[in-house]
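Contents: one structure, followed by commentary.
In this text, all values refer to a predicted model and were calculated from it rather than measured experimentally.
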Amino acid sequence: MINSIAVVGANMAGARAAESLRSAGYDGHIHLIGEEPWRPYERPPLSKEFLWEGGTPSGSFYLHDEHWYAANKVELRLGVRATAIDLRAGALRLASGEAVQADRILLATGGAARRLPLPGAEAANVHHLRTLGDAAGLAADLRPGAQIVIIGMGVIGAEVAASARRMGCDVTAVEPFASPMIRALGDHFGAWLGEHHRMQGVRALYGRSVKGLRLSGAKVCAVELDDGEELACDAVVVGIGIVPAVELAADAGLIVGNGIVVDAQCRTSNPVIFAAGDVAEQPDFFGGRVRMETYQNAAEQGAAAAAAMLGQPVEYCRPCWFWSDQYDLNIQVTGRIDAQQQLIMRGRVEDDAFCAFFLAGDLIMGALTANRSADMGVAKRLVERRARVGPAELADVDVPLREILKKSAS
């Protein structure tokens, strides 16, 4: 008998789990516990629309309106940290001293922005973007003419660079690799995106690293590079990844690696504790293990964990899918992109509207689209089905992708 479920993490994964529990007919207690003071919200807008609108969240920013939780009898506890899992007592202990009884626990603890390990990195004008509060602080510094230095051109850094240019800022980016988002897009498409940033006025310094921060009073006034060059700045944005929040799990004796280790049922090494979202190290669709930091994974794995906690059959193992909006580009990626795979193009990179497939033999491993969301809708299903197709047929634009999808079903 499951009388009470505690969900640690009032975020996408945690909120979707609570929603799915009620949709499945579960009528016991649901405790949704969040360290942030805000009810669950969408993180993707933090580097885009939220900044464009001056740090004011729109109505669609939150996953549910404030009345939804009471109407669905989800006890929302915000601004409180879970400090320990008491396995003997079957309870979750909070920083307030309270103990929350729970027959099942879901850890959707996410992660924290990786901090820049340099003196001065905690200055008020150095921004590590992860939370609504972080984004509000950054929005205040994105003024027309402001000199912004971005450290790291992964997804967050690249999106903030585009947003800062939209806001009229002067942007310089420092990236140790050869192009932006190179881990996600690979060398070829990373270079394509880098050219877009250059044309939009971003000064990008690739193959460079940051050596130090120079302070003037309580703020950073310049960023020193590895060769001694100094970049004057009004604000600094750090985008060097996240650190998964595994402390609660590790202290409870759960197995952790690059995140909290779970199986395809989202179950940890303890059968009554589950994990989902950015913190979960899960079975990879292509073999091995992986931790995904994507909107899609957080939402779908949160729902899968809810079903598993109720004893329903679950086999969650999906290829990744994510998107990034920068300037006039909508970039989407699914599956695995590898320079060793055969590249099949539909459309031209020069037109900024294309679909690129990545094949291992005749097996579709992944796809990347630019401004072709309809193609990505089909490409995701082709990857999920482990579809096989001849390279010549896939390259033939006169053969609709939906025809290839139909063939893969048979």
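Atom OG of S408 sits about 4.5 Å away from atom CZ of R385, to the nearest 0.5 Å. Rounding to the nearest 0.5 Å gives a distance of 4.5 Å between CG of L107 and CD1 of I260. Distance CD1/I150 to CD1/I240: 13.5 Å, rounded to 0.5 Å. From I5, atom CD1 reaches atom CD1 of I30 across 6.0 Å, with rounding to the nearest 0.5 Å. Interatomic distance, F189 CZ to I331 CD1, rounded to the nearest 0.5 Å: 10.5 Å.
For the side-chain contact (heavy atoms from CB on, under 4.5 Å) test with L254, the passing option among V262, V261, V246, N270 is N270; the others fail. Of the candidates R336, R289, R291, R318, R336 is the only one forming a side chain to side chain donor-acceptor pair (under 3.5 Å) with D284.
The two atoms that bring I242 and G111 nearest to each other are CD1-CA, 4.2 Å, heavy atoms only. Minimum interatomic distance between A113 and H128 (heavy atoms only, all atoms of both residues): CB-CB, 3.9 Å.
Side-chain atoms of Q301 and Q282, non-hydrogen and from C-beta on, do get closer than 4.5 Å to each other. At a threshold of 4.5 Å between non-hydrogen side-chain atoms, the residues R16 and L63 count as touching.
Enclosure of atom CG in D187 is not indicated, since only 12 or fewer non-hydrogen atoms of other residues, nucleotides or ligands lie within 6.0 angstrom. For I255, the CD1 atom is loosely surrounded, since the number of other residues' heavy atoms within 6.0 Å does not exceed 12.
Aromatic ring centres of F50 and F61: separated by under 6.0 Å. In summary, the aromatic rings of Y295 and W323 are positioned with their centroids under 6.0 Å apart. Between F354 and W192, the ring center distance clears the sub-6.0 Å criterion.
R165 contributes no side-chain N or O that, together with a main-chain N or O of V171, makes up a donor-acceptor pair within less than 3.5 Å. T109 contributes a side-chain N or O that, together with a main-chain N or O of A245, makes up a donor-acceptor pair within less than 3.5 Å.
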Practice task
Determine, step by step, whether R208 and E175 satisfy the salt bridge (charged side-chain N to carboxylate O under 4.0 Å, His left out) criterion, reporting the C-alpha distance in whole Å, the side-chain angles of both residues, the deciding distance to 0.1 Å, and the verdict.
Solution key: CA-CA 6 Å; R208 306 284 287 280; E175 167 57 54; over 6 Å; no

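A donor and an acceptor atom, one from each side chain of H127 and D134, are nowhere located under 3.5 Å apart. Side-chain atoms of E19 and H64 form a donor-acceptor pair, as typed in the model, at a separation below 3.5 Å.
A cation-pi arrangement is absent between R267 and F274 under the rule of less than 6.0 angstrom and at most 45 degrees off the ring axis.
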